[in-house]
Participant: 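Handing you a structure now.
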Amino acid sequence: QVQLVESGGGSVQAGGSLRLSCAASGDNYCMGWFRQAPGKEREGVAVIFGGSGTTFYRDSVKGRFTISQDRAKNTLYLQMNSLKPEDTAMYYCGVDLRAPCGLVGPRGRFADGADYWGQGTQVTVSS
C-alpha cells in the first residue's frame, strides 16, 4: 500500500504560479499529475519516470509546467507558471510501482492507470 499526500493547491489570478507537491510513502516506477475539472473526465498533465527522468507533458501545459521529483524524499512536484483559467481543476498525483507505466502509453498518450492515487488538491485560476 502506497500513500500519496498532495499539497500546494490554492487560488491565484491568471498569470500567477503555484507549486504542487506529492509525498509518497514508497518508491515508484513512474509518477504523474492528472487533473479533473467539473463535468469533465480526468486528464493527464505530466508524467515522469523515476529511473530515467523522462518526462511527458500535455500539449497545453508545455513551456508553462515543469514536473520533477526528489527521489531521496519520494516527493513529486509540479511547478505551474503562467496559469490560465482553463487550468482550474482538482489535481491528482498518481503512482505506478512497476513497468509498464500505467500513466502514459505509446507515443506519450496519457492513460488513467495508476496503482495509487492521492486525494487531490484544488487549483483555481481567476481571470
Side-chain angles (χ1 to χ4, degrees):
Q1 185 76 15
V2 174
Q3 292 185 337
L4 303 171
V5 180
E6 299 110 329
S7 61
S11 297
V12 296
Q13 290 190 329
S17 298
L18 285 172
R19 188 193 195 203
L20 306 183
S21 299
C22 174
S25 61
D27 205 358
N28 68 88
Y29 178 69
C30 66
M31 293 184 77
W33 292 98
F34 280 59
R35 68 187 181 188
Q36 187 169 21
K40 295 186 178 181
E41 293 186 353
R42 186 157 58 186
E43 61 184 21
V45 176
V47 170
I48 186 168
F49 282 72
S52 66
T54 300
T55 57
F56 295 88
Y57 291 95
R58 179 173 206 80
D59 285 347
S60 63
V61 307
K62 287 180 180 176
R64 300 188 297 122
F65 291 10
T66 303
I67 189 171
S68 62
Q69 65 178 21
D70 184 331
R71 289 180 64 81
K73 296 181 180 179
N74 284 331
T75 301
L76 180 72
Y77 302 100
L78 185 68
Q79 178 66 45
M80 305 186 294
N81 299 327
S82 301
L83 282 161
K84 303 176 180 180
E86 51 263 43
D87 295 318
T88 294
M90 185 71 79
Y91 282 70
Y92 297 91
C93 168
V95 62
D96 221 356
L97 303 183
R98 59 192 61 83
C101 180
L103 299 175
V104 63
R107 294 180 291 277
R109 190 164 185 171
F110 291 107
D112 199 340
D115 288 334
Y116 299 98
W117 290 102
Q119 82 287 352
T121 185
Q122 178 68 37
V123 171
T124 302
V125 184
S126 58
S127 58

Participant: Given the rule that I, L, V, M, F, W and Y join up when any side-chain heavy atoms are under 4.5 Å apart, are V125 and M80 in one cluster?
Facilitator: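 Yes; tracing contacts between hydrophobic side chains, which count when under 4.5 Å, links both residues.
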Participant: According to a 4.5 Å side-chain heavy-atom criterion applied to Ile, Leu, Val, Met, Phe, Trp and Tyr, with indirect links allowed, do V61 and L20 form part of one hydrophobic cluster?
Facilitator: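 Yes, V61 and L20 fall within the same hydrophobic cluster.
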Participant: Give a yes or no answer on whether the side chain of T75 reaches the backbone of K73 with a donor-acceptor pair at less than 3.5 Å.
Facilitator: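 Checked: pair present.
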Participant: State, with a plain yes or no, whether a side-chain heavy atom of W33 is found less than 4.5 Å away from one of L103.
Facilitator: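 Side chain of W33 against side chain of L103, heavy atoms only: no contact under 4.5 Å found.
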Participant: Side-chain contact, heavy-atom cut-off 4.5 Å: V45 with F34?
Facilitator: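 A side-chain contact is absent here, since even the closest heavy-atom pair is not under 4.5 Å.
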Participant: Could you pull out the closest heavy-atom pair between G9 and T121, with the gap in Å?
Facilitator: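 For G9 versus T121, the nearest heavy atoms are N-OG1, 3.1 Å.
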Participant: State, with a plain yes or no, whether a side-chain heavy atom of V2 is found less than 4.5 Å away from one of L97.
Facilitator: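 Contact flag for V2/L97 side chains = yes.
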Participant: Find out whether R64 and D87 are in side-chain contact, i.e. whether some heavy atom of one side chain is under 4.5 Å from a heavy atom of the other.
Facilitator: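 Touching, per the 4.5 Å side-chain cut-off.
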Participant: Find the distance between SG (C22) and CD (Q69) and round it off to the nearest 0.5 Å.
Facilitator: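 The distance works out to 10.5 Å.
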Participant: Could I get the full list of side chain to side chain contact (heavy atoms under 4.5 Å, CB included) partners for S17, not counting sequence neighbours?
Facilitator: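 S17: side chain to side chain contact (heavy atoms under 4.5 Å, CB included) contacts with Q79, N81.
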Participant: Ring pair (Phe, Tyr, Trp, His ring centres under 6.0 Å) with Y29: which residues, sequence neighbours excluded?
Facilitator: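 Applying ring pair (Phe, Tyr, Trp, His ring centres under 6.0 Å) to Y29 gives F49.
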Participant: Can you give me the closest heavy-atom contact between C93 and L76, atom names plus distance?
Facilitator: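 Smallest interatomic distance, heavy atoms only, reads SG-CD2, 3.9 Å.
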Participant: Evaluate whether atom CZ of R71 has more than 12 neighbouring non-hydrogen atoms of other residues, nucleotides or ligands under 6.0 angstrom away.
Facilitator: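 Yes, because the 6.0 Å sphere around CZ of R71 holds more than 12 heavy atoms from other groups.
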Participant: List the steps and the verdict of side chain to side chain contact (heavy atoms under 4.5 Å, CB included) for Y77 and D70.
Facilitator: CA-CA 8 Å; Y77 302 100; D70 184 331; 4.0 Å; yes
Participant: What closest approach, in Å, do C30 and G102 show between heavy atoms, and which atom pair accounts for it?
Facilitator: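 It is SG-N, 4.4 Å.
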Participant: What I'd like to find out is whether the side chain of N74 reaches to under 4.5 Å of the side chain of D27, using heavy atoms alone.
Facilitator: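 Heavy-atom side-chain distance check passes, below 4.5 Å.
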Participant: Take Y92 and R35, measure what side chain to side chain contact (heavy atoms under 4.5 Å, CB included) needs, and give me the verdict at the end.
Facilitator: CA-CA 6 Å; Y92 297 91; R35 68 187 181 188; over 6 Å; no
Participant: Please list all pairs meeting side chain to side chain donor-acceptor pair (under 3.5 Å) that have one or both residues in residues 104-118, counting only residues at least two apart or in different chains.
Facilitator: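 The answer is R42-D112.
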Participant: Testing the basics here: between A24 and L4, what is the closest heavy-atom pair and its distance to 0.1 Å?
Facilitator: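 Taking every non-hydrogen atom into account, CB-CD2, 3.5 Å.
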Participant: Can you tell me how far the CD atom of Q13 sits from the OG atom of S127, to the nearest 0.5 Å?
Facilitator: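 The distance works out to 9.0 Å.
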Participant: Give a yes or no on whether a salt bridge exists between D59 and K62, defined as a side-chain N under 4.0 angstrom from a carboxylate O.
Facilitator: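 Yes, D59 and K62 are salt-bridged.
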Participant: Does the Y57 side chain pair with the main chain of I67, one donor and one acceptor, at a distance under 3.5 Å?
Facilitator: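 Indeed, once roles are kept as given, a pair shorter than 3.5 Å links the two residues.
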Participant: Please assess Y91 against L18 for the test side chain to side chain contact (heavy atoms under 4.5 Å, CB included), listing each intermediate value before the final yes or no.
Facilitator: CA-CA 12 Å; Y91 282 70; L18 285 172; over 6 Å; no
Participant: For the backbone of E41 and the side chain of Q36, can you confirm whether one donor and one acceptor N or O come within less than 3.5 Å of each other?
Facilitator: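 Checking the backbone N and O of E41 against the side chain of Q36, no donor-acceptor pair under 3.5 Å is found.
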Participant: Could you walk me through whether E43 and F110 pass side chain to side chain contact (heavy atoms under 4.5 Å, CB included), step by step?
Facilitator: CA-CA 7 Å; E43 61 184 21; F110 291 107; over 6 Å; no
Participant: Which atoms form the tightest heavy-atom contact between G94 and A114, and what is the distance?
Facilitator: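 Residues G94 and A114, closest heavy atoms: CA-CB, 4.0 Å.
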Participant: Measuring from F65:CZ to T55:OG1, what's the distance to the nearest 0.5 Å?
Facilitator: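 One gets 14.0 Å once the value is rounded to the nearest 0.5 Å.
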